[in-house]
Every structure is written in structure tokens, then in C-alpha cells.
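In the text below, chain A, chain B and the rest are named by the order of the sequence lines, each starting its count at 1.
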2 protein chains.
Amino acid sequence: MTGHEDRSPTTVEKTAGSAGRIADALRADILSGAFAPGERIRQEVLAERYGASRLPVRDALRALEAEGLVIMVPNTGAWVAKLSLEECQEVYQVRERVEPLLLRMSMPGLDAETRDRLLPLVEAMRQEPQVEEFLRLDREFHMLTYSGAESTILGDLVERLWNTTQHYRRAFTLLGTERTSRTVHLEHEMLALAILRDDPDGAERVLLGHISSTRLELSRHPEVFHRL
Amino acid sequence: MTGHEDRSPTTVEKTAGSAGRIADALRADILSGAFAPGERIRQEVLAERYGASRLPVRDALRALEAEGLVIMVPNTGAWVAKLSLEECQEVYQVRERVEPLLLRMSMPGLDAETRDRLLPLVEAMRQEPQVEEFLRLDREFHMLTYSGAESTILGDLVERLWNTTQHYRRAFTLLGTERTSRTVHLEHEMLALAILRDDPDGAERVLLGHISSTRLELSRHPEVFHRL
DNA sequence: GAGCTTGAAAATGTATCCAATCCTCGTTTA
DNA sequence: TAAACGAGGATTGGATACATTTTCAAGCTC
């Protein structure tokens, strides 16, 4: 008997043992900016930093490499992934096509309680919070609009796209002018309203425009990508 | 001239690190069907199969897990990734949105020589080749249409999506009826013609329809996903 | 003095060994 | 008789140690 189909781990998404913890910690450190793009990562340093051997560190690096947050070169080392202007625009182009789909799939699954949290988040962002707080609110707002989809594949993809551009969102938030900032607030409010009135087409359209206008903003600040 | 390029007869390419070779070999084995979805993968078996220790095998498994081809459960083992009908449809929905974009980005970069290879490939697929040969031609045809994009991010994403659904494309090719087969050939020809006449909008539309019709085909054969 | 060569140091990749965890199967008990 | 419990076996995860590769810098040649 070849007992292969023992158990179907389709619902199991857990990352492996303690390497998963290291991967989570390192991911958080990269997203928080503690490790900057282009910075070299030495396995030994991480091993000491997280109190483990180099082996789970390598596993974690491989996992993050697959997420697009780390670049590994054989026999050479690992670096925090760095996006060129063109690559960043590419990510945003993918987001323009993918996130409206995820939003559409999510909307039927959003309950009233979840929807009631949308506009308060928009209001909170209007209070001109600090950069890190704004990034957190922005992410929470969009992820909330996606929370109705039990999608695993598309949801993970979108999360990866957000993570790879996290550093650049921070940079652009830092030098954001008031006008673009107000535009973002309006787009967020329009998105929330479209969701509240159960208008999938409108929501898709607004979200596409939101991401698209952000992408166009990238071209106006190429200096963010030049300073290596 | 910094010339250390002199190597012994066994000139190993830059793809050093046997973990990479194992990952490539295992990926090929999964895509070829040698390992079926849902099948358990034991590290020791792979270590012997590829003549290495369990350690590079673990690295390879992690790499493939990140690509979505393998599922790893802590302290338990690894399985070849298996898609449910819903997940497979989700992948196709993502492909519907993403591949037309990649095609649009690719078209300006397609030179005359590359375009001349499109219709012959369509013809070759019309000759009712064996399943494996058809899968190869189909993949080559589509990848050729994408070869004009120097895109790294989007190209890798599309390749991953193709890989995760490779097994199910094989299954559906096996039970394909003549009518659906002819439809596929027509869609391929329309796609090639749209590219040859430099019609990005038309090409996007045809490709979207092509993927979409394939996705709808999935619902008609749920038994492919049940027998697992 | 400039550029190439060479050698040492450091970082990565791999192998072997040991600990922790999970599955299987036999035993026991209600 | 069936279900729950526990011990044994098997498999994975991690740590230490070693081989390989790369890089950097000092020294030598031209």
C-alpha cells in the first residue's frame, strides 16, 4: 500500500518551526525599515541577533527571498531587495490589475461590522498622523476591504506586493505634498463609499484609479530610487 | 584582464550551489508529473535520488514551497502542492488579469524573427501531438509571446502561476474533447494574428477570453479535483 | 608608480550527529 | 467489541564542525 494521501494539508499555511519565527522577525525588521533596501545581510549577524544557528537563518532568508524581500546570490551573500523605479512601477501595474479583483471577491463577504470600521479609518488618516501611523492605518484600511475574501492565493499575492513596496510607500509618504495627500484621502473615502453602497464596479474603478495615480506619482520622484 | 576563467573540463556554470540544482530537478520532476499533487515527499528519498545530503534538499523544498509547488508542515513533512477547484479557478482569475498586461508590455519588444515563430507553433499544435508535446508547445507559444518583456517581476509571477497549474493543464488536455480543442486552436491563431498586426488591445482581449474560457472549462470537470 | 598576482581572512555551502516532534500500532479497559 | 491510552519507531529540525568559494589587501613585477 502506498499510503500517500495521508492528510491534505490544504488548510495548513503554517511556516516551518523556528525558522518561521526568524522569518517573521526579519520580515518585520525589513518592513519597519530597520534593514534598508540594498543593505547586506550577513547570516552570522542574524544568527546572533535572533539567538539561533545559521541554519534556520538560511531557511528564513530563502523564505523571504521567495517573497521578494531578499536577494540571495550563491556563495556571495544576501541583500535586502531593492527595487528600481521601473520594477516598482511594474509592481504597481500588477497591483492595478490584481487588487480590484481581490476587492470584488471580498465585497460579498464583508459583514456590517467590518464595513462600519471603514469610514473611521479614513477619518483617522485625515488627522495627519505620523508617517508610521499613517502607513499602518493605510494598510489596515485596504486589508480590511480585502478581508471578506477567503482567498488564499490572491490574498497572499497582494500581501507580498504590498511588502515589497513597503519601503517606497514610506519614502513617498515622507515627502508627500498636501495636495497629493488630500487626493489620497478623497480616493479612500470614495472607495469606502462605493463599498458601503455595494457597488463592485465602482469600487473596482476607484481602487484602480487610486493605485494608478500612486504609480504615476512614482515617476515624479525618481530621486527616491537613485540614492542607493 | 582579471582572468580566472580557466576551468577544468567540468565547467560548472554560475548556478553554483547544489541546492539550486536539486530545486531545478525537483521542480522538473513535479512539472513532468513524476511527483503527483498530494504525494508525500520524504527528504531522505530525495537526498538519495539526487545524490546529496538532506540539507540542500531542505533548501530546495523551501524554495519550491515559496513557488507554491510544495507544502511543508512543521515537524511533519512535505507534500506536492494540491489545488482545489476553487483555488485553481482563483489562479486562472489572476492569470486573466495579469497575463494580458504582460503581453501588452511584451509586444513592443518582439522582433520580426520572434513573431515569425508564432504561427508555425500554432500549426504544430493543430497536428494533434501527444499530450506532453502539446503541453510543451502550448507553453512555448505563450512564453514566446511574453518574451519581449524584460520584466522580471511580472514574468516570474506568470511563470509561477503556470507552474502551479501545470498538472491540471495536463489532466484537462488528456480529457479534452475535439470541440474544445478546436476552440483552443482558434484562440491561439487569433492571438498570434493580433500580435502580428500590432494590435495590443485586441491581443489583450483575445488572451483574456482564452484564459477565461479555460477557467470556465474547469467547472465542467470537477472530478479532476475530487480524485485526490 | 600602476597593475596584476597571490595569499590570507571571512562568509557561504555542505555533511554528520543529536534532539524534538509526530505517526503507527499494540495494549488495556469500560 | 470498540475506543482511549501509551510506548516504540520513524522522520524532521537544529547545532556544531568542516570544505569551498569569494573577496580584500598586501606584495611583487614591469
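- The distance from atom CD of B/E44 to atom P of C/dC17 is 13 Å, rounded to the nearest whole Å.
- Judged as a side-chain hydrogen bond (donor to acceptor under 3.5 Å, both in side chains), the pairs with a partner in residues 101-113 of chain B (not counting sequence neighbours) are, in order, B/R104-B/D201, B/R104-B/E204, B/D111-B/T114.
- Atom CE of B/M72 is separated from atom P of C/dC22 by 15 Å (rounded to the nearest Å).
- Residues forming a ring pair (Phe, Tyr, Trp, His ring centres under 6.0 Å) with A/Y146 (at least two apart in sequence, or on another chain): none.
- For the segment residues 50-60 of chain A, the set of residues with a heavy atom within less than 4.0 Å of an atom of DNA chain C comprises A/R54, A/R58, in numerical order.
- Atoms CG (B/N75) and P (D/dT12) sit 10 Å apart, rounded to a whole Å.
- Rounded to a whole Å, the CZ atom of B/R42 is 12 Å from the C1' atom of C/dC23.
- Across all strands, A/I41 comes closer than 4.0 Å only to sugar-phosphate atoms, never to a base (heavy-atom distances).
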Salt bridge (Lys or Arg N to Asp or Glu O under 4.0 Å) assessment of B/R170 paired with B/E132
CA-CA 8 Å; B/R170 176 180 295 114; B/E132 293 302 324; 2.7 Å; yes

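- Using a 30° and 60° split on the angle between ring planes, A/H188 and A/H142 fall in the perpendicular class, above 60°.
- In this structure a side-chain-to-backbone donor-acceptor pair under 3.5 Å is present from B/E87 to B/S84.
- The phosphate of D/dG13 (OP1 or OP2) has a side-chain N or O of B/Q43 nearer than 4.0 angstrom.
- Here the side chain of B/E133 pairs no donor or acceptor atom with the backbone of B/Q130 at under 3.5 angstrom.
- Atom P of nucleotide C/dT14 and atom CZ of A/R62 are separated by 8 Å, given to the nearest angstrom.
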